[in-house]
**Q** 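Quick one: the structure is below, and I'll ask about it shortly.
These numbers come from the heavy atoms of this one structure, side chains and all, not from hydrogens, waters or symmetry mates. For reference, positions follow the sequence shown, starting with 1.
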Amino acid sequence: MNITLTLQHLYHGADPIRDFEVWDDSDGKGPYIAVWNLDAPQPTEEELQAAWEAYQKAEADKLPAELGELEQLRKELADTKAALEDTNGKLKAAGEETTNVQLALAEIYEQLLALKEGNPNG
């Protein structure tokens with residue numbers, strides 16, 4: 001059990017430095033509440049265990065919501081990619097059309113030059 005996370009779940013907004021401190025003396029007994037500054041009574045080991053299990057369940061319940069957000073982002077990314085590919089196709093087509101227009105203008109220009117050279121009054 002993570003006592004700090006458990007206490008923050010049990011007492012929403014509790015500050016692990018100001019409101020309580022969890023210590024571990026490395027004596028094999030594990031972490032414990034060493035400092036308690038909250039107005040509420042310090043929870044028993046049984047209350048901590050129950051709160052830890054509730055915390056784990058709450059975190060497990062969040063997973064589908066987060067996956068839903070991830071799936072939404074994937075869909076938005078796929079839509080954006082499709083729109084970019086469509087725009088790229090339109091730009092490519094516009095580029096080809098521009099090239100065709102430039103070739104047609106060059107041909108007209110050459111014809112005008114030929115007419116001008118063949119007509120001394122032009």
**Q** Roughly how far apart are Gln49 CD and Thr6 OG1, rounded to 0.5 Å?
**A** 8.0 Å
**Q** Are side-chain heavy atoms of Val22 and Asn2 found at a separation under 4.5 Å?
**A** no
**Q** Mind checking side chain to side chain donor-acceptor pair (under 3.5 Å) for Trp36 and listing every partner two or more places apart, or none if nothing turns up?
**A** none
**Q** Would you compute the distance between atom CD of Glu53 and atom OH of Tyr55 and round it to the nearest 0.5 angstrom?
**A**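 Result: 14.0 Å between the selected atoms.
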**Q** Got a list of side-chain donor-acceptor pairs under 3.5 Å for residues 82-91, not counting sequence neighbours?
**A**
unit_1, atom_1, unit_2, atom_2, d
Asp86, OD2, Lys90, NZ, 3.3
Thr87, OG1, Ala83, O, 2.9

**Q** I'd like to know if the side chain of Asp24 and the backbone of Ser26 have a donor-acceptor N/O pair within less than 3.5 Å.
**A**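 At least one qualifying donor-acceptor pair exists.
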**Q** Hey, could you give me each pair passing salt bridge (Lys or Arg N to Asp or Glu O under 4.0 Å) that has a residue in residues 31-47? Not counting sequence neighbours.
**A**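 Sorted result for residues 31-47: empty, none.
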**Q** Compile the donor-acceptor pairs under 3.5 Å between side chains in residues 8-18 and protein atoms, sequence neighbours left out, one pair per line.
**A**
unit_1, atom_1, unit_2, atom_2, d
Tyr11, OH, Pro41, O, 3.3
His12, NE2, His9, O, 3.2
Asp15, OD1, Ile17, N, 2.8
Asp15, OD1, Arg18, N, 3.4

**Q** Kindly compute the distance separating OG1 (Thr98) from CD (Glu96), expressed to the nearest 0.5 Å.
**A**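 Going from the OG1 atom of Thr98 to the CD atom of Glu96 covers 10.0 Å.
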**Q** Say you draw a straight line from CG of Asp19 to CG of Asn37; how long is it, rounded to the nearest 0.5 Å?
**A** 7.0 Å
**Q** State which residues pass side chain to side chain donor-acceptor pair (under 3.5 Å) with Asn100; sequence neighbours excluded, sorted by chain then number.
**A** none
**Q** Using the side chain to side chain donor-acceptor pair (under 3.5 Å) rule, collect all pairs that involve residues 73-84, keeping only residues at least two apart or in two chains.
**A**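 Listed once each, the pairs are Glu71-Arg74, Gln72-Glu76, Lys75-Asp79.
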**Q** Indicate yes or no: at least one non-hydrogen side-chain atom of Leu7 is less than 4.5 angstrom from one of Pro43.
**A**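 In short, these two side chains touch, coming nearer than 4.5 Å.
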**Q** Go through it in stages, so that I can follow the logic: the residues are Val35 and Trp23, the test is side-chain contact (heavy atoms from CB on, under 4.5 Å), and I'd like the CA-CA distance, side-chain angles, deciding distance and then a yes or no.
**A** CA-CA 9 Å; Val35 176; Trp23 295 355; 4.1 Å; yes
**Q** When rounded to the nearest 0.5 angstrom, what distance separates CD in Gln56 from CE in Met1?
**A**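 The distance works out to 9.5 Å.
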**Q** Calculate, to the nearest 0.5 Å, the distance between atoms OH and NZ belonging to Tyr109 and Lys116 respectively.
**A**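 Interatomic distance, Tyr109 OH to Lys116 NZ, rounded to 0.5 Å: 8.0 Å.
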**Q** Determine, stepwise, if the pair Asp25 / Tyr32 fulfils side-chain hydrogen bond (donor to acceptor under 3.5 Å, both in side chains).
**A** CA-CA 9 Å; Asp25 296 330; Tyr32 63 96; 2.9 Å; yes
